[in-house]
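Take a look at the structure below.
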Amino acid sequence: MKGGKTALLALLLRLALLLFAVPAVTALAPQDARANIVCLVVNQGLAFGTAATGTGTINYSCTGYENTSTTVNLCIGLGTPSYPGTASQPIMLQGANNLNYQVFRDAALTQVWTTSLPLSKSVTVGAGIGVTITGSFQFYGRIANGQTAPAGLYQAYFYNTRIGSLPGGSSNCNTNRSNISGLDFTLSVSGTVSNACTVDALANANLGNVVAGATAPAGSTTIRVRCPTGTAYNIGVLPSNNNTAGAGQMSGTGTNTDKIAYQLRRTSSTGPIWGNTATTSSAGNGLGGTGNGSNQDFTVYATAPSSNFRPDTYSDTVRVTVNY
């Protein structure tokens, strides 16, 4: 019996120690199992479309877990640009084709956004468990001019971009600091190089000042075409009389009804005629080329077989069409 009492006493002591230890463990456990504010990125991205500049948006939501309102310096820290881009020169890709661009902190495009210069602003989450606020950060982008990128959709990313807190005097946007919990995310960028061409006439085709009846005059001008790299195109020229063989007529002024016939030509003033039967798939009697992203110049010649007309100033308008 004596041994039985001893065993019972030992068991009671162990129970007493266990009952005493439970409150102690509870008291030592962290009361803040989650941060006072948890912030998430709802959606994000910068889509240039076909423009050279664009505005990106990062939408966020922050939920509080405090009985009092909390103010934090919320930040977005830019991550690592996707290959083959670098921190100083991000690059969008379409297959093996590159398109250089840059991101900025300001709409004036003067402050480059870098890993050491996070976006930041002060936000306040109201008192209460589960109180949520939403908002957004904006950033800006520009695609460099003068690139010879082929048409198509280009994409890039900034990996390990983060939303977090930025204490005063710091440049490190941290996902777990003070009373806020953030996260890392991937920021996407896209842009489209359209299959668009432009055309300009650099000057009028001036046949000069000629004495009536003198040797038949000739003149020329330059057509400038700019198309994306790899874009095939065909150029047609059409006088105002709609002659698809490039045979037009220049009209005088006032009551003068004389009309001076002329012919549009390519290569030289005695070269092949230049008309308007070109299509997207065939040069026809026009002239074809392939874009390289830069200006490409072509000379169009105009010849008049006769100048035996009433003295006057004669002119005509020619339509230039680039088919691509």
Side-chain angles (χ1 to χ4, degrees), residues 52 145-151 193-324:
N145 293 327
Q147 300 186 74
T148 58
V193 176
S194 64
N195 212 14
C197 297
T198 61
V199 59
D200 291 295
L202 301 189
N204 294 325
N206 190 350
L207 278 67
N209 299 320
V210 181
V211 176
T215 302
S220 66
T221 189
T222 300
I223 296 172
R224 174 164 290 174
V225 176
R226 183 185 181 99
C227 288
T229 299
T231 299
Y233 59 87
N234 297 302
I235 309 170
V237 290
L238 185 68
S240 65
N241 63 357
N242 295 321
N243 185 287
T244 58
Q249 291 180 320
M250 291 182 284
S251 300
T253 62
T255 60
N256 181 8
T257 58
D258 287 356
K259 294 183 182 297
I260 299 179
Y262 68 91
Q263 178 65 56
L264 299 175
R265 298 183 181 275
R266 48 197 164 95
T267 308
S268 70
S269 59
T270 58
I273 67 169
W274 192 345
N276 195 48
T277 63
T279 65
T280 55
S281 58
S282 172
N285 62 8
L287 188 65
T290 301
N292 61 8
S294 300
N295 293 329
Q296 295 174 300
D297 292 347
F298 303 90
T299 302
V300 55
Y301 300 88
T303 57
S306 173
S307 63
N308 191 20
F309 296 90
R310 187 181 313 178
D312 199 353
T313 298
Y314 294 82
S315 63
D316 191 28
T317 300
V318 176
R319 176 181 296 176
V320 180
T321 303
V322 177
N323 302 276
Y324 59 92

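A quick note: this is a predicted structure, and the numbers were derived from the prediction, not measured.
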Using side-chain contact (heavy atoms from CB on, under 4.5 Å) as the criterion, point out the one residue from Asn243, Val300, Asn276, Thr303 that pairs with Leu264.
Val300
Of all the heavy-atom pairs spanning [X] and [Y], show the shortest one and how long it is.
X      : Y      : result
Lys259 : Phe309 : O-CE2, 3.3 Å
Gln263 : Ala245 : NE2-O, 2.9 Å
Pro228 : Ser194 : CG-O, 3.1 Å
Ser294 : Thr148 : OG-CG2, 4.1 Å

Residue list, side chain to side chain contact (heavy atoms under 4.5 Å, CB included) with [X], at least two apart or on another chain:
X      : answer
Asp316 : Pro239, Ser240, Met250, Tyr262
Ala149 : Leu99, Tyr154, Val193
Thr267 : Pro272
Ser315 : none

Determine which pairs satisfy disulfide bond (SG atoms under 2.5 Å apart) with at least one residue from residues 221-324, sequence neighbours left out, and list them in order.
Cys197-Cys227
Could you check whether any side-chain N or O of Asp258 sits under 3.5 Å from a backbone N or O of Arg310, counting only pairs where one atom can act as donor and the other as acceptor?
yes
Return yes if some donor-acceptor pair links the side-chain N/O of Asn234 with the main-chain N/O of Thr279 below 3.5 Å, else return no.
yes
Quick one: list whatever passes side chain to side chain donor-acceptor pair (under 3.5 Å) with [X], sequence neighbours left out.
X      : answer
Asn204 : none
Tyr324 : none
Ser220 : none
Asp200 : none

Begin from the C-alpha positions of Ser307 and Ile260 and carry the test side-chain contact (heavy atoms from CB on, under 4.5 Å) through to its verdict.
CA-CA 7 Å; Ser307 63; Ile260 299 179; 5.9 Å; no
Using 0.5 Å steps for rounding, measure from the OG1 atom of Thr317 to the CG atom of Leu238.
11.5 Å
So how far is it from Ile235 CD1 to Phe298 CZ, rounded to the nearest 0.5 Å?
4.5 Å
Can you tell me if Asn285 and Thr277 form a side-chain donor-acceptor pair at under 3.5 Å?
yes
Please check if any side-chain donor atom of Asp312 sits under 3.5 Å from a side-chain acceptor atom of Thr253, or the reverse.
yes
May I ask you to check whether over 12 heavy atoms, not counting those of Arg319, lie within 6.0 Å of atom CZ?
no
Yes or no on side-chain contact (heavy atoms from CB on, under 4.5 Å) for Ile223 and Trp274, after CA distance, side-chain angles and deciding distance?
CA-CA 13 Å; Ile223 296 172; Trp274 192 345; 4.2 Å; yes
According to the salt bridge (Lys or Arg N to Asp or Glu O under 4.0 Å) rule, which pairs have a member within [range], sequence neighbours left out?
range            : answer
residues 260-289 : none
residues 226-247 : none
residues 276-303 : Arg224-Asp297

